[in-house]
Amino acid sequence: MSTSGVGDRLDHETAGQLILSLHALLSATPDEPEAALAELGWAEVRAADPVTATRLLFTEHGRVLARSRLLDDVLLAELAAVLPPASGRRALLYPHPGDGSALRSTDVILPRAVLLAPLRQIDEVVLPATTGHGFTPLVVAADEVARAAVPVEGFDRGSRWLLVRDFPLPPEPDAARPGTVWADAVAAGRRALAAELIGISDTALALAVAHTTDREQYGRPIGSFQAVRHRLAESYVAIEAARSTLGAAEADRTSWSAALAKRAAGQAQAVTLRAVVQVFGAMGLTAEGPVHRYVTRAAALDALLGGHRSLTDELGTALLAGADLDPVVAVEADQ
Amino acid sequence: MTAPPSEATLDLEGYHAGLRDYLSSSSVLDRWRGLDHATTEDRVAEHAQLIGELFRAGWSRYGWPVEAGGLGGDERHRAVFYDALSAADLPVPEQYSLLETLGPPLVHFAPDLAAAYLPRYLRGEEWWGQGFSEPDAGSDLASLRTRATRDGDGYRVNGQKIWTSHGATATRLVCLVRTGTAAERHRGLTMLLIDVDSPGVTRRPIALASDRNELAELFFDDVAVPADRLIGAEGKGWAVAMYLLQFERAMYAWLSAATALRRLRELRGQLTGHRLPDGAASRFGACYADLVALRARSAATVRRLAAGEPVGPEASVDKVLLAQVETGLHDLARDLPATGFLLGDDPAADSWRADWWYSRAATIMGGSAEVQRTILADHVLGLPRERGA
């Protein structure tokens with residue numbers, strides 16, 4: 001669709017070229033793409049059309065299973081207003097997925113949290129802590145956090161995540177900040193993660209289509225069996241539902257719609273990867289096959305900042321408690 | 001009160017604002033709020049009255065061409081209209097769903113027929129049925145056998161249609177009939193507008209398991225149909241049907257989503273003060289989230305239709321998402337004791353039961369759930385064809 005009326009928004013052709021560039025760039029530097037992105041002029045692209053730029057970047061990040069800490073920048077941009085000026089490169093500490101979307105701590109200790117990547121070349125770490133006093137973000141030296149961090153040996157063995165345990169907190173420098181700042185950061189993070197989950201699901205589905213087209217049993221491609229075809233069609237529907245919900249959230253810019261977008265993308269990865277593992281047969285389970293890497297990354301990113309099941313429950317609970325049922329989507333909205 | 005057809009109200013946001021004012025200020029409309037009907041005939045008759053009122057006020061005429069009784073505008077006006085009705089706690093009249101399916105192909109392929117008959121539909125004076133399915137042609141539509149043979153200036157139609165929504169009360173039928181040979185399959189089909197009161201047409205209402213006469217069977221015994229009742233050229237019925245299906249899969253989905261949102265709101269109202277079973281919040285959240293996804297998807301499709309872009313096989317996504325919402329919402333209403341679904345004898349409980357049965361049609365009509373998935377597998381994913389297909 002054309003970009004009616006908004007002169008700076010990326011048109012389809014430019015977006016298509018950017019996707020190719022991002023794909024190549026993130027494939028080449030999946031861990032630390034920052035320098036290559038700067039060389040590409042990514043800052044200008046993002047300044048011109050931040051919404052589309054973020055979606056394209058994180059969709060490709062998902063497609064190639066990149067493992068950078070680019071998500072940090074998305075949340076840190078929202079937090080910048082309540083933090084002291086940065087003295088060097090910053091990273092962000094995330095709530096442990098088991099704790100939902102708030103980094104809960106006491107006044108003296110942070111029980112558990114997650115980093116997306118090792119703190120190499122990082123000077124400061126932002127702790128977006130929620131204590132009994134409210135949202136009280138802190139900035140601490142990276143080497144202090146690094147001492148409390150160990151590599152995650154979990155389901156997603158391809159990730160570079162680190163687990164931070166029992167981190168002692170410095171005395172609070174000042175009073176609580178508005179909780180809406182953290183809510184906005186989470187919303188921005190959820191939109192980016194939704195794009196990334198959609199990218200992962202896109203690639204996994206494409207792999208399954210290719211595999212079921214090539215693989216023959218009973219003298220015909222297994223992709224010609226209705227049971228296989230319909231499962232993959234359902235995966236496509238779930239991915240498109242997520243894409244549409246993310247589009248609505250990008251236009252709407254609220255925490256509510258961001259939660260819906262993350263929920264839809266989490267749901268899409270669950271539906272898609274369940275189907276993809278099945279249609280790959282034994283190859284879906286093996287270490288040498290390609291599928292497991294998508295399964296585990298999607299599971300980890302689904303859980304980060306709120307998994308689809310807990311988001312569904314939270315949305316439903318809020319609605320039953322009287323939250324506005326008004327539609328998020330209006331047909332006259334410019335998209 | 002008549003809405004002026006000025007530039008200001010044709011502008012989509014201006015239209016929406018004016019419409020909202022009207023819906024919130026017109027006390028006449030209260031008559032249609034919170035109603036439960038014991039029979040389909042009652043509901044359809046009440047909804048016809050509402051259609052008449054909305055036409056008199058002028059707001060239902062946007063999105064339809066002036067030549068066909070409308071006030072101009074496009075599909076987005078109609079989408080805003082259905083949405084605003086639901087937001088104002090009014091039912092979207094039943095007959096609008098077939099207006100959305102049958103109106104656009106009439107305007108596109110038979111503007112003279114649209115000018116002659118669509119204004120009556122818009123005024124609520126009559127409504128039509130869609131004569132596609134036959135006893136031996138359900139999902140396999142191209143195998144239909146109702147035949148139209150040339151007879152002087154017109155046609156003679158013989159055969160049978162079945163499972164026609166609103167068939168028991170419709171004034172006219174948009175019928176897909178065979179003018180070529182059976183071997184020609186979809187190439188030998190023609191679309192005709194047939195009056196139900198023509199000599200030789202008989203009908204038998206078909207009750208759903210809820211005892212509501214939602215469907216009907218229609219028999220054609222040498223029914224004379226003038227040639228000016230052709231919608232599109234003879235032998236081009238499949239192209240008309242495919243054009244129609246875009247609207248059936250897109251506009252109908254948007255309209256149904258608007259109604260589903262109102263019903264979800266009503267369901268929440270019924271739960272107040274009741275203890276909810278485990279998992280109820282999650283299911284309610286899932287139902288709402290699925291509804292938002294459907295609306296997001298459908299809004300984009302409506303915009304494409306309004307821009308005159310063809311909506312291809314990917315419209316099956318809209319259809320699958322709609323079916324998911326319809327079945328999810330009504331299963332939720334069934335499973336929550338507060339609705340009285342199983343044992344309640346109040347009209348609201350009876351409506352949920354009747355609606356539950358109708359919601360089972362969401363995966364059947366307009367191309368079954370299986371047909372939609374096959375379309376996506378073939379034309380969007382490009383998977384190898386099924387054997388024998």
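In what follows, every chain begins at residue 1, and chains take the letters A, B, ... in the order their sequences are listed.
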Interface residue of largest heavy-atom contact number with chain B, from Thr213(A), Leu319(A), Leu315(A), under 4.5 Å
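Among the listed options, the one with the most contacts to chain B is Leu319(A).
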With a 4.5 angstrom heavy-atom cut-off, which part of [X] approaches chain A: side chain, backbone, both or neither?
X: Leu261(B); result: side chain
X: Leu383(B); result: both
X: Ala87(B); result: neither
X: Ser86(B); result: neither
X: Arg268(B); result: side chain
X: Leu276(B); result: side chain
X: Val302(B); result: side chain

Closest non-hydrogen atom pair between Asp302(A) and Lys262(A), with its separation:
O-NZ, 2.7 Å
Chain A: which of [options] shares the most heavy-atom pairs with it under 4.5 Å?
options: Ala281(B), Gly285(B), Ala79(B), Gly382(B); answer: Ala281(B)
options: Val320(B), Leu271(B), Thr374(B); answer: Thr374(B)
options: Ala306(B), Cys287(B), Ala258(B), Ala293(B); answer: Ala293(B)
options: Glu370(B), Arg76(B), Gln372(B), Arg283(B); answer: Glu370(B)

Less than 4.0 Å between a side-chain N and a carboxylate O, is that true for Asp252(A) and Arg191(A)?
no
So Arg229(A) and Thr212(A), side chain to side chain contact (heavy atoms under 4.5 Å, CB included) or not? Walk me through it.
CA-CA 9 Å; Arg229(A) 292 156 57 80; Thr212(A) 58; over 6 Å; no
Hey, mind stepping through Thr272(A) and Gln269(A) against side chain to side chain contact (heavy atoms under 4.5 Å, CB included) and telling me if it holds?
CA-CA 5 Å; Thr272(A) 302; Gln269(A) 69 79 24; 5.7 Å; no
Applying ring pair (Phe, Tyr, Trp, His ring centres under 6.0 Å) between Phe81(B) and each of Tyr96(B), Tyr62(B), Trp64(B), Trp59(B), report the one that passes.
Tyr96(B)
Side-chain touch Thr52(A)/Glu250(A), heavy atoms, less than 4.5 angstrom:
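No, too far: nothing below the 4.5 Å cut-off.
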Would you mind checking which part of Leu260(A) comes under 4.5 Å of any heavy atom in chain B, side chain (CB onward), backbone (N, CA, C, O), both or neither?
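Leu260(A) touches chain B through side-chain heavy atoms alone.
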